[in-house]
A.B. asks: 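One structure, pasted below without further comment.
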Protein chains: 2
Amino acid sequence: MLRNESCILANLNQFFPLGENEQQLLKELEKTPHRVTEKQVLWAAGDKVDQLYTLKSGWAYTCRDNLDGARQVVDIVLPGDVLGLRELTFATHLSQAQMITEGVICPFPNHKIIDIIEASTPLTVALLASLSRQESILTERMLMSIHRSARSRIAHFIVETYTRLNRVRSIDFDSFYLPISQKVLGEILGLTSVHISRSLTSMERERVLIKHRDHIQVLDREKLYEEADFDGSYISDNMNGLRERLKQHGFR
Amino acid sequence: MLRNESCILANLNQFFPLGENEQQLLKELEKTPHRVTEKQVLWAAGDKVDQLYTLKSGWAYTCRDNLDGARQVVDIVLPGDVLGLRELTFATHLSQAQMITEGVICPFPNHKIIDIIEASTPLTVALLASLSRQESILTERMLMSIHRSARSRIAHFIVETYTRLNRVRSIDFDSFYLPISQKVLGEILGLTSVHISRSLTSMERERVLIKHRDHIQVLDREKLYEEADFDGSYISDNMNGLRERLKQHGFR
DNA sequence: CGTACCTTTGACGGCTGTCAAAGGAAGTGG
DNA sequence: CCACTTCCTTTGACAGCCGTCAAAGGTACG
């Protein structure tokens, strides 16, 4: 994809080719880009839900803070993702949303989603598909947290993130950008940073991967996949049945 | 609510009062009730996604089986819930869906959702709200699995399930129907049935609750809530902002 | 060059899993 | 109505992964 093509279009377009009308609606959402800084909080828990964001560039996450101070990252938001869909139908936010890196976001009022539902069934379905995949990522992470060892969870997260990134913009697997500290990685996977450190050290010693400050270097792709035991169907773009049905309804 | 009123209407109606048109659309979905038996599998992982179900009566769950034979229950489906929304936009099912008890379900082809999107924005939003709450329940369970002890997770699940049931049909908290074996409870919470047994025994010894074969008896409501540390906002029906916007769009 | 944050390493402890066996409870067929 | 089977629950012994606490070493940044 071209550098300045819309990420969100590249994202949603994977489900099925969107028409002129839909592309126009998406452009509407990205009319007001804002530059945001590293670690900037986009909303806090308890805030009124009134805006959604598309993420044009940069990484973000949503998280929940426990009473005891422990933070749990709920989802990692990558360029092209819509931020806030999950809580669109709530009065107040359950989670906090925060940038990881600096970046560019495009806020839009949440009732624009209503306009989209009225204006375009295919785009509504694409958004539904996007929301479902977000939920599937969450489900998968829950399975991982419950049934897998720390090393396996780390491996899985690396492969998953690579897959998500590569889907919107083709990247190199042997070494790619991953601006996530061990502390945050722990908050994502539900492990302490101490244990993350131990696990990463052992993976490096065994020549599987090296985690640098802001990128991952994969040394042994096969071993990594084996540990990750990754089946990417939960983020696949394939949605045949509905796509055909949309065609029958006169959409392209 | 009346015994023979539609559960799904009672469920979705909580978000905002649905009009004649919407009630009619929901009735459409429930035109073909089927009786299903205890433990009947509704779909298996890998099956083509072509039907959704509303659950008129009985309990069901969706689950994923690990390679090592461990089963993880993804969500508990209660009367009035729509079963399959999460995987609507996938080509094949990621999970298995299975009845817990016997019951009555109403299958309908998944492209009916497209009809609904085209026919009624409020109903689309209500379905979105329902899907979001399902995802929130999942998120909450992930937090619990990662940060809470076995006893606390059990307490939380009991209170959550009571809250969900009470929302669609008022029930008594001191003793209510919960047709879930310790084995399945373990599969829900990501614990072994052995550990569930130990935890339940200790909760019974301390006069918090007694789990019988198919119902829960709450002995000390306050203690239970304290252990559960339950904040129900993630399943609340409040969605003010959008509701008003829908009114502005001419919906009631 | 000082400060703040991130990473590493060690010692220790606890929650929960595994394995195993026995004791109920429910359903089936004779 | 009684064996038989099957599934669920309970209990004990033991082990291991990961958390906690603490301190030191790195790294970025002002």
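Residue numbers begin at 1 in each chain, while the letters A, B, ... track the order of the sequences.
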A.B. asks: Checking side-chain polar atoms at under 3.5 Å, does A/E87 have a donor or acceptor matched by the opposite partner on A/S95?
C.D. replies: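 Per modelled atom types, A/E87 and A/S95 side chains form a pair under 3.5 Å.
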A.B. asks: Measure across A/V218 and A/L209 and return the closest heavy-atom pair with its distance rounded to 0.1 Å.
C.D. replies: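 Where A/V218 meets A/L209 most closely, the heavy atoms are CA-CB, 4.2 Å.
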A.B. asks: Return the polar atom pairs (N/O with N/O) between nucleotides 8-14 of chain C and the protein under 3.5 Å, or none.
C.D. replies:
from   : atom 1 : to     : atom 2 : distance (Å)
C/dT8  : OP2    : A/Q182 : OE1    : 3.0
C/dT8  : OP2    : A/Q182 : NE2    : 2.7
C/dT8  : OP2    : A/S197 : OG     : 2.9
C/dT8  : O5'    : A/S197 : OG     : 3.4
C/dG10 : N7     : A/R198 : NH1    : 3.3
C/dG10 : O6     : A/R198 : NH2    : 3.2
C/dA11 : N6     : A/R198 : NH2    : 3.2

A.B. asks: In whole angstrom, give the distance that lies between atom CZ of A/R153 and atom C1' of D/dC17.
C.D. replies: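 Nearest whole value for this atom pair: 10 Å.
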A.B. asks: Per the ring-ring contact (aromatic ring centres under 6.0 Å, His included) rule, what does the pair list look like for residues 181-212 of chain A, sequence neighbours excluded?
C.D. replies: A/H212-A/H215
A.B. asks: Report which part of the nucleic acid B/G190 touches: base, sugar-phosphate, or nothing (heavy-atom distance under 4.0 Å, all strands).
C.D. replies: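 B/G190: backbone/sugar contact only, no base atoms under 4.0 Å.
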A.B. asks: So, is A/T192 near the phosphate of D/dC18, with a side-chain N or O under 4.0 Å from OP1 or OP2?
C.D. replies: no
A.B. asks: Between C/dG17 atom P and B/L189 atom CG, what is the distance in whole Å?
C.D. replies: 11 Å
A.B. asks: Report for the helix from C/dC1-D/dG30 to C/dG30-D/dC1: angle between first-end and last-end helix axes, five pairs each, rounded to 10 degrees.
C.D. replies: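 Between the first-five-pair axis and the last-five-pair axis there is 50°.
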A.B. asks: Of the non-hydrogen atoms in A/E30 and A/I8, which two are nearest, and what is the gap between them?
C.D. replies: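 The pair with the smallest heavy-atom distance is OE2-CG2, 3.3 Å.
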A.B. asks: Could you state the NZ-C1' distance from A/K39 to D/dA28, rounded to the nearest angstrom?
C.D. replies: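 Checked: the NZ to C1' distance equals 11 Å.
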A.B. asks: Using modelled atom types and a 3.5 Å cut-off, is there a donor and acceptor pairing between side-chain atoms of A/S202 and backbone atoms of A/S199?
C.D. replies: yes
A.B. asks: Please confirm whether the shortest side-chain N or O distance from B/S149 to OP1 or OP2 of C/dC15 is below 4.0 Å.
C.D. replies: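 For C/dC15, OP1/OP2 do not have a side-chain N/O of B/S149 under 4.0 Å.
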A.B. asks: Measure from CD1 on B/I154 to C1' on C/dC15 and round the result to the nearest Å.
C.D. replies: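 One finds 13 Å between C1' of C/dC15 and CD1 of B/I154, rounded.
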A.B. asks: In terms of ring plane angle, is the pair A/Y177 and A/W59 parallel, tilted or perpendicular, where the classes change at 30° and 60°?
C.D. replies: perpendicular
A.B. asks: Between the protein and nucleotides 23-28 of chain C, which nitrogen or oxygen pairs come in under 3.5 angstrom?
C.D. replies:
none

A.B. asks: For B/E206, enumerate each residue passing the salt bridge (Lys or Arg N to Asp or Glu O under 4.0 Å) test, keeping only those at least two apart in sequence or located in another chain.
C.D. replies: B/R151
A.B. asks: To the nearest Å, give me how far apart CD (B/E187) and P (C/dG17) are.
C.D. replies: 13 Å
A.B. asks: Given atom CZ of B/R151 and atom P of C/dC15, what is their separation to the nearest angstrom?
C.D. replies: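 Between P of C/dC15 and CZ of B/R151: 12 Å.
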A.B. asks: Using a 3.5 Å cut-off and no angle test, enumerate the donor-acceptor pairs between side-chain atoms of residues 69-83 of chain A and protein atoms at least two apart in sequence or in another chain.
C.D. replies:
from  : atom 1 : to     : atom 2 : distance (Å)
A/R71 : NE     : A/D65  : OD1    : 2.8
A/R71 : NH1    : A/Y61  : OH     : 3.0
A/R71 : NH1    : A/Q98  : OE1    : 3.1
A/R71 : NH2    : A/D65  : OD2    : 3.2
A/R71 : NH2    : A/Q96  : OE1    : 3.4
A/Q72 : OE1    : B/H147 : NE2    : 3.1
A/Q72 : NE2    : A/E187 : O      : 3.1
A/Q72 : NE2    : A/I188 : O      : 3.1
A/D75 : OD1    : A/T62  : OG1    : 2.4
A/D75 : OD1    : A/R86  : NH2    : 3.4
A/D75 : OD2    : A/R86  : NE     : 3.4
A/D75 : OD2    : A/R86  : NH2    : 3.3
A/D81 : OD1    : A/N11  : ND2    : 3.3
A/D81 : OD2    : A/L78  : N      : 2.9
A/D81 : OD2    : A/R164 : NH2    : 2.8

A.B. asks: Please check: side-chain N/O of A/R133 versus main-chain N/O of A/S236, any donor-acceptor pairing under 3.5 Å?
C.D. replies: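 Such a contact is found between A/R133 side chain and A/S236 backbone.
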A.B. asks: Given atom CZ of A/R148 and atom P of D/dG16, what is their separation to the nearest angstrom?
C.D. replies: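 So the two atoms are 21 Å apart, to the nearest Å.
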A.B. asks: State whether the side chain of A/T32 and the backbone N or O of A/P107 hold a donor-acceptor pair below 3.5 Å, judged by distance alone.
C.D. replies: yes
A.B. asks: Provide, to the nearest angstrom, the distance between the CG atom belonging to A/D68 and the P atom belonging to D/dC21.
C.D. replies: 11 Å
A.B. asks: Do you know the tightest heavy-atom contact between A/F230 and A/E160?
C.D. replies: CE1-CA, 3.7 Å
A.B. asks: Map A/L191 and B/I180 onto DNA chain D by nearest heavy atom, then report which one ends up closer to the 5' terminus.
C.D. replies: B/I180
A.B. asks: Over all heavy atoms of both residues, which pair between B/V208 and B/E227 is shortest? Give the atoms and the distance, please.
C.D. replies: CG2-OE2, 4.2 Å
